[in-house]
Amino acid sequence: CCCCCWSCCCCCWFCLFVVPMTSSAIRRMVLEPLDLGFTTIRNRVLMGSMHTGLESGLMFPSGLSEMAAFMEARASGGVGLIVTGGVAPNRSGRVSPFASKLTYKWEASRHQLVTDAVHQHDTKICMQILHSGRYAYHPFAVAPSRIKSPISMFTPKPLSDKEVEATIDDYVRCAELARYGGYDGVEVMGSEGYLINQFIVSRTNTRTDKWGGDYPNRIRFPVEIVRRMRKQLGDDFIIIFRISMLDLVENGSTWEEIVLLAKEIEKAGATLLNTGIGWHEARVPTIATMVPRGAFSWVTERMKKEVNIPLIAVNRINTPEIAEGIIAGGHADMVSMARPLLADPDFVKKMLEGREDEINTCIGCNQACLDHTFKGQRASCLVNPLAGYELRYKDLFVPSSTTKDVAVVGAGPAGLAAAVAAAKKGHNVTLFDSSDIIGGQFNMAKKIPGKEEFYETLRYFAKQLPIYNVNVQLNTRVTADMLISGGFDDVVVATGVLPRDIKLEDTSGGKVVSYIDVLKGNVKVGDKVAVIGAGGIGFDVADFLTHGNRDTSVDVDAFMDEWGVDKMYTHRGGLTDAHHDKSPRTVYLLQRKSSKMGSSLGKTTGWIHRTTLKNRGVQFITGVTYNKVDDAGLHITVTKKDEKKEQVLDVDTVVVCAGQVSLKSLAEELKDLTTVHIIGGAHIAAELDAKQAIREGTLLAEKL
């Protein structure tokens with residue numbers, strides 16, 4: 001169901017999650033200090049661990065200076081406690097061959113640049129110790145048993161008893177070095193399917209010695225790590241243990257086993273317990289945008305009744321309202337935010353100052369953060385392209401020595417970013433758009449079920465424009481003459497794209513429609529639909545057309561039911577039978593290429609989109625040539641291994657999502673008359689790319 005046909009449910013969701021509250025009293029609990037006995041954290045917000053790629057800075061001439069700048073931005077933004085990206089305790093534990101490790105004092109001393117930068121803002125910082133085990137992407141991977149991971153090409157070597165003991169010593173030594181480097185503590189990564197998690201469950205631990213077999217033996221490894229760490233480091237050092245409270249894999253832990261582990265970890269000396277949700281190989285979404293906000297805090301709440309040390313809730317906590325609700329509701333003692341602090345490093349500061357409506361909200365897209373990480377690239381953020389590049393762009397918004405009059409044509413993501421960036425530089429900016437609202441293609445994207453977060457980005461820009469005195473001229477179709485006569489020094493063309501015309505013969509009298517008309521509700525879509533084009537837009541349109549009656553991206557119980565998550569925890573790993581809504585339509589998703597359907601989708605979210613559509617019965621057809629449309633339907637030729645077969649799809653509607661073309665005629669008219677900058681879809685329209693559009697718009701400030 002699309003946004004235009006939500007009834008009272010829409011109002012409740014919008015009021016709770018989109019419209020920010022302004023009473024600072026409502027938020028005081030999440031901003032209260034947390035007393036750990038030997039030290040106090042200034043508020044209940046923890047910046048969760050992220051693999052940004054900056055942790056490997058020791059290998060580069062700049063060292064950890066970029067990591068220091070990244071962490072300092074979040075510390076100055078008000079975060080109470082920061083946890084770094086994972087650092088291996090030995091070489092075999094590295095996630096990849098050149099990932100970070102901490103085994104020598106000289107390495108630890110260079111971390112002081114990071115810890116000093118954070119401490120000057122009264123923020124605590126812990127280093128995460130992560131041994132990847134069988135998830136390691138290198139030939140030296142080790143694990144409890146010789147069982148290959150489905151997400152790594154390397155089969156791990158099983159650790160001997162002596163090597164297990166040595167690995168425990170490596171964890172303790174790594175914690176000692178972290179203290180030497182100025183860290184207030186460490187987080188022991190015991191979840192997400194990494195080495196410690198691999199010891200805990202029988203699916204990856206088939207040992208018969210004291211480190212395997214029954215459950216008390218399988219948890220001996222993590223308990224010994226924490227016990228020896230506490231003994232060696234003393235009582236004035238923070239030890240966070242990240243425990244897998246919900247494995248979401250077959251033959252995972254039972255709830256009773258997890259409770260036993262939590263209690264043993266508490267006895268061993270942990271200061272805090274952080275929540276881990278799902279192994280990396282799990283086939284249940286846990287952090288993507290289609291996951292409801294705060295969806296897994298019920299797991300942490302359940303554990304809160306079992307232990308006495310503070311607990312941290314995680315996953316899809318991206319607004320002040322959700323964070324406060326979790327703390328005030330007694331679900332946890334702290335909330336962990338990782339990606340939301342990529343999106344806005346000043347998140348907490350804005351809460352403290354009553355400026356919640358100025359928060360640049362994380363939309364959970366994964367496109368510039370996790371997708372980058374899993375491709376070996378530096379993590380950043382779609383809505384904040386400066387994330388991860390704080391040092392490089394530290395002077396980006398220093399006021400320009402010359403004030404210019406700048407026209408920005410097009411109020412889509414690229415134009416909005418450019419207008420705000422130019423205004424921050426001190427320029428006089430006028431933003432034009434022919435529509436009556438800002439947002440461009442985002443106004444269609446926000447209608448896709450599971451992409452409601454796009455409302456937040458538009459809310460953010462709508463607030464920024466008046467703050468920086470941008471003159472917004474809507475319902476205005478701009479001509480070259482208008483811009484020239486307006487006397488603008490620079491013109492930014494962000495006019496976006498138009499749908500590509502595939503010149504399909506159509507004698508049906510109206511069966512062929514554009515995705516734009518479908519999403520805007522301008523056409524009636526039939527019960528049998530062919531979607532031409534299986535890029536991001538094609539998948540979104542297919543999702544839109546097959547969505548059932550439940551808002552699973554908003555309703556936690558409906559989401560858990562759809563993906564087979566057992567909230568009663570009667571099954572191992574927290575998995576149960578999934579129940580998928582029946583599609584109201586028969587839908588075919590077609591693409592010209594013979595390659596895997598949806599290969600251009602996000603690396604960490606593509607599988608979710610494919611699974612969702614398959615569960616709804618969408619039929620995927622590749623290697624398609626489109627012949628014509630008539631009263632009988634869509635005539636196609638399907639090529640499989642050089643064999644061609646003609647067929648007719650009996651459909652009422654054919655939705656064309658076959659790419660876009662840049663709308664840049666205005667730029668061509670202006671190129672010899674003034675300084676013109678072309679950005680966003682007007683620049684490159686191969687795929688609608690909000691990440692590139694916002695980045696181009698923001699970094700344009702360097703040229704103005």
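Atoms considered below: every heavy atom in the structure, side chains included; atoms not considered: hydrogens, waters and symmetry mates. Because the structure is a prediction, the values reported are computed rather than measured.
At distances below 3.5 Å, not a single donor-acceptor pair connects side-chain atoms of D551 with backbone N or O atoms of S553. For the pair T319 (side chain) and I322 (backbone), a donor-acceptor distance under 3.5 Å is present. Between the H427 side chain and the A423 main chain, no donor and acceptor come within less than 3.5 Å of each other. When atom types are taken as modelled, the side chain of D371 and the backbone of T604 share a donor-acceptor pair closer than 3.5 angstrom. Between the side chain of D436 and the backbone N or O of L474, no donor-acceptor pair lies under 3.5 Å. A distance-only check finds no donor-acceptor pair linking the side chain of E452 to the backbone of E456 [under 3.5 Å]. Looking only at distances, a side-chain donor or acceptor of S435 sits under 3.5 Å from a matching main-chain atom of I437. T611 places no side-chain N or O within donor-acceptor distance of the main-chain N or O of I608, the cut-off being under 3.5 Å. Between the R500 side chain and the Q660 main chain, a donor and an acceptor come within less than 3.5 Å of each other. No donor-acceptor pair closer than 3.5 Å links the side chain of T373 to the backbone N or O of A379.
Taking 4.0 Å as the cut-off between side-chain N and carboxylate O, E453 and R293 count as a salt-bridged pair. Salt bridge R695/E702: absent, no basic N to carboxylate O contact under 4.0 Å. Taking 4.0 Å as the cut-off between side-chain N and carboxylate O, R459 and D357 do not count as a salt-bridged pair. Note on E390 versus R74: salt bridge recorded, some NZ/NE/NH1/NH2 to OD/OE distance being below 4.0 Å.
Atom-to-atom distance recorded for I678:CD1 and E696:CD is 10.5 Å, nearest 0.5 angstrom. Remark: F70 CZ to S380 OG distance equals 9.0 Å, nearest 0.5 Å. Atoms NZ and CD, from K664 and E669 in turn, are 14.0 Å apart once rounded to the nearest 0.5 Å. Taking CG of L370 as the start and NE2 of H280 as the end, the distance is 8.5 Å to the nearest 0.5 Å. In this structure, CG on L504 lies 5.5 Å from CD1 on I532, to the nearest 0.5 angstrom. For the atom pair K446 NZ and K451 NZ, the distance stands at 14.0 Å (nearest 0.5 Å).
Using a 4.5 Å cut-off on side-chain heavy atoms (C-beta onward), I82 and V118 make contact. Taking 4.5 Å as the limit, every side-chain heavy atom of Q692 sits out of range of all side-chain heavy atoms of H683. At a threshold of 4.5 Å between non-hydrogen side-chain atoms, the residues L483 and F432 count as touching. For the pair S65 and L391, the minimum side-chain heavy-atom distance is below 4.5 Å. Looking only at side-chain heavy atoms (C-beta outward), L590 and Y626 come within less than 4.5 Å of each other. Side-chain contact between Y393 and P385 is absent, with no heavy atoms from C-beta onward closer than 4.5 Å. Proximity of N471 to L431: side-chain heavy atoms (C-beta onward) are nowhere separated by under 4.5 Å. Annotation: side chain of V512 is in contact with side chain of V656 (closest heavy-atom distance under 4.5 Å).
A 6.0 Å sphere centred on NZ of K503 holds no more than 12 heavy atoms belonging to other residues, nucleotides or ligands.
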Practice task
I would like to know whether M337 and F347 meet side chain to side chain contact (heavy atoms under 4.5 Å, CB included); could you show each step before the answer?
Solution key: CA-CA 10 Å; M337 299 182 192; F347 189 109; 3.7 Å; yes
Exercise for the section: Check the pair K520, I516 against side chain to side chain contact (heavy atoms under 4.5 Å, CB included), reporting the backbone distance first and the verdict last. Expected result: CA-CA 6 Å; K520 285 186 173 181; I516 292 178; 3.9 Å; yes
Problem - L589 vs V541, side chain to side chain contact (heavy atoms under 4.5 Å, CB included): CA-CA, chis, key distance, verdict - result: CA-CA 10 Å; L589 184 57; V541 169; over 6 Å; no
Exercise for the section: Please test N366 against T605 for side-chain hydrogen bond (donor to acceptor under 3.5 Å, both in side chains), starting from the C-alpha separation and ending with a verdict. Expected result: CA-CA 7 Å; N366 287 1; T605 55; 5.8 Å; no
Exercise for the section: Begin with the C-alpha distance, continue with both residues' side-chain angles, and end with the deciding distance and a verdict on side chain to side chain contact (heavy atoms under 4.5 Å, CB included) for T476 and D433. Expected result: CA-CA 6 Å; T476 304; D433 200 282; over 6 Å; no
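The minimum heavy-atom distance between C369 and L342, with the atom names listed, is CB-CD1, 3.7 Å. Taking every heavy atom of both residues into account, L396 and A701 meet most closely at CD1-CB, 4.0 Å. Residues R339 and C362 share a closest heavy-atom pair of CB-SG, 3.6 Å. Heavy atoms only, all atoms of each residue included: S49 and T84 are closest at OG-O, 2.7 Å. Nearest heavy atoms, G86 versus Q128: CA-OE1, 3.3 Å. Here the closest non-hydrogen pair linking I125 and H119 is CG2-NE2, 3.9 Å.
Cation-pi geometry between R378 and Y389 is met: the NZ or CZ atom falls under 6.0 Å from the ring centre, inside 45° of the normal. By the 6.0 Å and 45° rule, K603 does not stack over the aromatic ring of F374.
For N443 and Q441, the side-chain atoms include no donor-acceptor pair closer than 3.5 Å. For N318 and T361, the side-chain atoms include no donor-acceptor pair closer than 3.5 Å.
For the side-chain contact (heavy atoms from CB on, under 4.5 Å) with V348, the qualifying choice from L352, D346, D344 is L352, the only one to do so.
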Could you list the donor-acceptor pairs under 3.5 angstrom formed by side chains in residues 487-495, with sequence neighbours left out?
from : atom 1 : to   : atom 2 : distance (Å)
D489 : OD2    : D405 : N      : 2.8
D490 : OD1    : K404 : NZ     : 3.3
D490 : OD2    : H677 : NE2    : 2.7
T495 : OG1    : L663 : O      : 2.3

